[in-house]
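Letters A, B, ... mirror the listed sequences (proteins, then strands); counts begin at 1.
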Amino acid sequence: MQMTMSQKILAAHAGRKSVSPGELVMANLDLVLGNDITAPVAINEYRKAGASCVFDCKKIALVMDHFTPNKDIKAAEQTKKVREFAAEKKIENFFDVGTVGIEHALLPERGLVVAGDLVIGADSHTCTYGALGAFSTGVGSTDMAVGMAHGKGWFKVPRAMKFNLHGSLPKWVSGKDVILHIIGKIGVDGALYKSMEFSGPGVSSLSMDDRLCICNMAIEAGAKNGIFPVDEKTRKYMSEHSKKTPVEFSADPDADYDEVMDIDLSSLRSTVAFPHLPSNTRTFDNMPVVPIDQVVIGSCTNGRLSDLQVAARILKGRKVNPKVRTIIFPATQKIYLDALRQGLLEIFVEAGAAVSTPTCGPCLGGHMGILAKGERAVATTNRNFVGRMGHPESEVYLASPEVAAASAITGVITDPATL
Amino acid sequence: MKITGKVIRYGDNVDTDVIIPARYLNTSNPKELAAHCMEDLDPTFVKRVKAGDIMVGGVNFGCGSSREHAPIVIKESGIACVVAKSFARIFYRNAINIGLPIVEFSGEIDEGDKLEIDFDNGVIRNLSKNTQGKFPPFPGFLQKIISKGGLFPAMEELK
Ligand code: SF4
């Protein structure tokens, strides 16, 4: 039986030689993740079921990132519940104010995920770690609770779509544009229940940050996971960040794909997703004038160091438009420190932007940058659903850090190449 | 199992942000959460929903975040079953894991129709339109989870 990369990882963790699409399997997990919104629900379930010890106190990550620093009393009660659970179960990877970063930027950086791992997280963007050649997918709180107790999860073996990448990206175009382009083509349910497997000669031209950003938004196409093959760049990243031993899997040459899409990276352009679906994309040949009130640069999609570097390149020596509230969120403490040392934070503050501690904050309309009725934001985040960043009648336009920084300066959605 | 109920109908791509907006997720108490169910899509929902009603959606129902709060608030509101043309996958597994019945069905259903759903035989009857259709029953593995009342209690057998 010829298998895709994702199917091979599932088979290996289910103790099987092979698996076929549609089959339901129980598999062993390498890591179980939860955050300050989903872990409290999982802990309720865990306690209700009367489970005592966790399966492995090293293989659980609890990341208090969504409403951090606690935005109100209720949020504080939620993190307290998780903090107490982590202490009781001696969970090693508990991240709170001071060490916390946005989970999907934090886990790879801390070396908690490597190639070949099977990871579930009670957060839909858990699919991010496919960039490292791992099978990782978002689940709910009950799955997380069972995962913490038993170290196992159930999976329906997914079919797959293949994206064959060629060439390399033009200037001012990045990973975000690749994934927005794809979602614009296949739709928000274009890969429903499937794996999105990236391959081809173009892969090597993409940085790890680009790959993390691309896999991050696989869920916005409905996918179960996104995954990249392991190459020199992946190996270098893993050896710099992790002590774990990676296991490299690759797809069989004649594995079965529902669809194969060829993408010439050099033909891609800066892409913006208009409200209220990530698939509602446009490029600048077809862009009305859209005045904006806020720019958000950050999140698990685009809050990594290279995102801040490119934003700083654009903002350096310039001022943001006085009508545009510009908020920049480094995704982790390490990224924050690197950005500080490289002088990026100074550039942002001098340009008139606010720089925040790592938090999910405005990305989910939690706090730290909520929109009023009728307001519009350009955000490097991943969802532009109704009410996502605040009032149900506000609007979110999803874009790359390049477009977001350029738009902060002009006050309208702007092609960075025209600055 | 057989249920009968009145339809509250929505369109395609009903996402978890409109089912329960993130601004309310600073609690995990189902009652508090359910007071805001569907608020950003249909502010009248909470007032008009009756225990036993059936929620109907189009394609990709429950897309977006992994928040289990979404099926939890729907269940807590009294909805007996969600019928949709297709479900986003995390919502699908969450609904099964918490014991909220869901059915994939593409036949024509309108707001206010009365439906009868026969889970054992995979038959859905639209009593208002006098039509009926079939839906595929859950595979054995998932049936076990549902019959045990959720994933946790089923684990002893599934491991
Ligand atoms: S940054 Fe946004 S999308 Fe990412 S984990 Fe936080 S809330 Fe979710």
Part of [X] lying under 4.5 Å from any heavy atom of chain B:
{"X": "Tyr193(A)", "result": "both"}
{"X": "Leu277(A)", "result": "side chain"}
{"X": "Leu364(A)", "result": "both"}
{"X": "Ala149(A)", "result": "side chain"}
{"X": "Lys48(A)", "result": "neither"}
{"X": "Asp36(A)", "result": "neither"}
{"X": "Asp143(A)", "result": "both"}
{"X": "Lys156(A)", "result": "neither"}

May I ask you to test the [X]-[Y] pair for a side-chain heavy-atom distance under 4.5 Å?
{"X": "Lys194(A)", "Y": "Arg89(B)", "answer": "no"}
{"X": "Met144(A)", "Y": "Glu68(B)", "answer": "no"}
{"X": "Leu24(A)", "Y": "Pro139(B)", "answer": "yes"}
{"X": "Arg67(B)", "Y": "Ser124(A)", "answer": "no"}
{"X": "Trp154(A)", "Y": "Leu142(B)", "answer": "yes"}
{"X": "Ser65(B)", "Y": "Asp123(A)", "answer": "no"}
{"X": "Ile37(A)", "Y": "His69(B)", "answer": "yes"}
{"X": "Val59(B)", "Y": "Asp189(A)", "answer": "yes"}

**OP:** Using a cut-off of 6.0 Å, state whether more than 12 heavy atoms not belonging to Lys129(B) lie near its atom NZ.
**Re:**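 Above 12, so yes.
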**OP:** Inspect the surroundings of NZ in Lys81(A) and state if more than 12 heavy atoms from other residues, nucleotides or ligands are less than 6.0 Å away.
**Re:** yes
Looking at [options], which has the largest count of heavy-atom pairs under 4.5 Å with chain B?
{"options": "Ile73(A), Val139(A), Asp72(A), Val41(A)", "answer": "Val139(A)"}
{"options": "Thr38(A), Leu192(A), Ile370(A), Asn382(A)", "answer": "Leu192(A)"}
{"options": "Glu45(A), Met26(A), Lys224(A), His125(A)", "answer": "Lys224(A)"}
{"options": "Gly390(A), Ser141(A), Ala223(A)", "answer": "Ser141(A)"}

Does any backbone or side-chain atom of [X] lie under 4.5 Å from a heavy atom of chain A? Answer side chain, backbone, both or neither.
{"X": "Ile145(B)", "value": "side chain"}
{"X": "Thr16(B)", "value": "neither"}
{"X": "Asp15(B)", "value": "side chain"}

Taking all non-hydrogen atoms of both residues, which atom of [X] and which atom of [Y] are closest, and how far apart?
{"X": "Arg23(B)", "Y": "Gly365(A)", "result": "CB-O, 4.1 Å"}
{"X": "Asn26(B)", "Y": "Lys71(A)", "result": "ND2-CE, 4.0 Å"}
{"X": "Ala22(B)", "Y": "Phe67(A)", "result": "O-CZ, 3.4 Å"}

Original post:
When heavy-atom pairs shorter than 4.5 Å are enumerated against chain A, which of Phe87(B), Phe91(B), Tyr92(B) gives the highest number?
Top reply: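 Between Phe87(B), Phe91(B), Tyr92(B), the count favours Phe87(B).
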Subject >> Greatest number of heavy atom pairs closer than 4.5 Å to chain A - which of Asp17(B), Asn13(B), Asn94(B) >> reply: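 Going by pairs under 4.5 Å, I would pick Asp17(B).
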Original post:
What distance do Ser66(B) atom OG and Leu33(A) atom CG have between them, rounded to the nearest 0.5 Å?
Top reply: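 Result: 9.0 Å between the selected atoms.
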Original post:
Quick one: OH on Tyr24(B) to NZ on Lys74(A), what's the gap to the nearest 0.5 Å?
Top reply: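 If we round to the nearest 0.5 Å, Tyr24(B):OH and Lys74(A):NZ are 9.5 Å apart.
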Subject >> side-chain contact (heavy atoms from CB on, under 4.5 Å) evaluation trace for Ile90(B) with Ile219(A) >> reply: CA-CA 10 Å; Ile90(B) 305 179; Ile219(A) 178 73; 4.1 Å; yes
Original post:
Where do Arg93(B) and Thr142(A) land on the side-chain hydrogen bond (donor to acceptor under 3.5 Å, both in side chains) test, with the steps shown first?
Top reply: CA-CA 9 Å; Arg93(B) 66 185 294 137; Thr142(A) 298; over 6 Å; no
**OP:** For Asp40(B) and Pro392(A), indicate whether the former's side chain and the latter's backbone hold a donor-acceptor pair under 3.5 Å.
**Re:**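 It does not hold such a pair.
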